[in-house]
Amino acid sequence: MLYVRFPLSLRNVEDLLHERGVDVSHETIRFWWHRFGPLFAAEIRKRRIEGMRSSRWRWHLDEMFVRINGERHYLWRAIDHEGEVLESFVTKTRDRKAALKLLKKAMRRHGRPEVIVTDRLRSYGAALKEIGASQRQETGRWLNNRAENSHLPFRRRERAMSRFRRMRSLQKFAAVHASVSNHFNHDRSLSSRPHFKANRAAALAEWRGLCAE
DNA sequence: TTCGTCCTTTGACAAAACCA
DNA sequence: TGGTTTTGTCAAAGGACGAA
């Protein structure tokens, strides 16, 4: 959890744990998050979906560049109007097929949204047409800030991580990171401090519950 | 005992980040 | 620009532990 949630390297986490009396190697940390990260992420996602009100009527779709060994890849994400990450995955191309995959994945899990906000990339139009929802699309230079903003934590992490070495782990990390940051990031600025504290305590307690199982 | 399985450690590596 | 440090990753070996 330390590794995924904070911009720490594997060796940073090793040292942190050492301070707390846990003696493990950096390789073990890596092993742990590969092994258990996806499990936790899936569990968090499942619980969130169960407890979700049907208020996610507007989606924001977005893609971003990620460089792996000098090769260009694209990280696709679907975000709801509250800034919560619904879906994310990695492809090598930026075309209709990738956009379509994103849409289908998200819709299978969350149902159809009323409005879909995208940037001006034509692939979205083509993909939406294919599933017969083109009238629900809204594009705009500024409309999609919601999605762009949610890249920030990810970018910060990417820098500390000295870029991703393999597509496989980027995919995994994107999924786990989305779930974990959804779980812990309640809006600090909008809610009062005691309210935020209560939320954070609840999130932590729930996390401990997940670990104990 | 001897396997087999599942984790952990170790040491090395190349790529990226950093710094002057 | 070029050298140094830091990064995630890998292969190989080690170790704990239960089953046969």
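Each chain gets a letter, A, B and so on, in the order the sequences are listed, and its residues count up from 1. The model shown is predicted, which means the values in this text are computed figures rather than measured ones.
- The interatomic distance linking A:His34 (NE2) with C:dC10 (P) rounds to 8 Å, in whole Å.
- The separation between A:Phe31 atom CZ and B:dT10 atom P is 16 Å, rounded to whole Å.
- Whole-Å rounding puts the A:Arg11 CZ to C:dT7 P distance at 7 Å.
- Look at CD1 on A:Ile29: it is 13 Å from P on C:dT7, rounded to the nearest Å.
- With A:Leu17 as the fixed residue, the side chain to side chain contact (heavy atoms under 4.5 Å, CB included) test singles out one of A:Asp23, A:Thr28, A:Ile29, A:Asn12: A:Ile29.
- To the nearest 0.5 Å, the span separating CG on A:Asp15 from CG on A:Leu10 amounts to 11.5 Å.
- Within the 4.0 Å cut-off from OP1 or OP2 of B:dT9, at least one side-chain nitrogen or oxygen of A:Thr28 is found.
- Nearest to the side chain of A:Arg30, among B:dT10, B:dT8, C:dG8, sits C:dG8.
- Residue A:Trp32 places none of its side-chain N or O atoms closer than 4.0 Å to OP1 or OP2 of B:dC7.
- Side chain of A:Glu27, nearest nucleotide from C:dG8, B:dT8, C:dA11: C:dA11.
- If you take NE2 of A:His26 and P of B:dA12, they are 12 Å apart, rounded to a whole angstrom.
- A:Arg11 and A:Glu14 are not joined by a salt bridge, as no carboxylate oxygen comes within less than 4.0 angstrom of a charged side-chain nitrogen.
- The side chain of A:Asn12 has C:dT7 as its nearest neighbour among B:dT9, B:dT8, C:dT7.
- Rounded to whole angstrom, the span from the CG atom of A:Leu10 across to the P atom of C:dT9 amounts to 7 Å.
- Note: CG (A:Asp23) to P (C:dA16) measures 14 Å, nearest angstrom.
- When the nucleotides B:dA12, B:dC7, B:dT9 are ranked by their closest atom to the side chain of A:Arg35, B:dC7 comes out on top.
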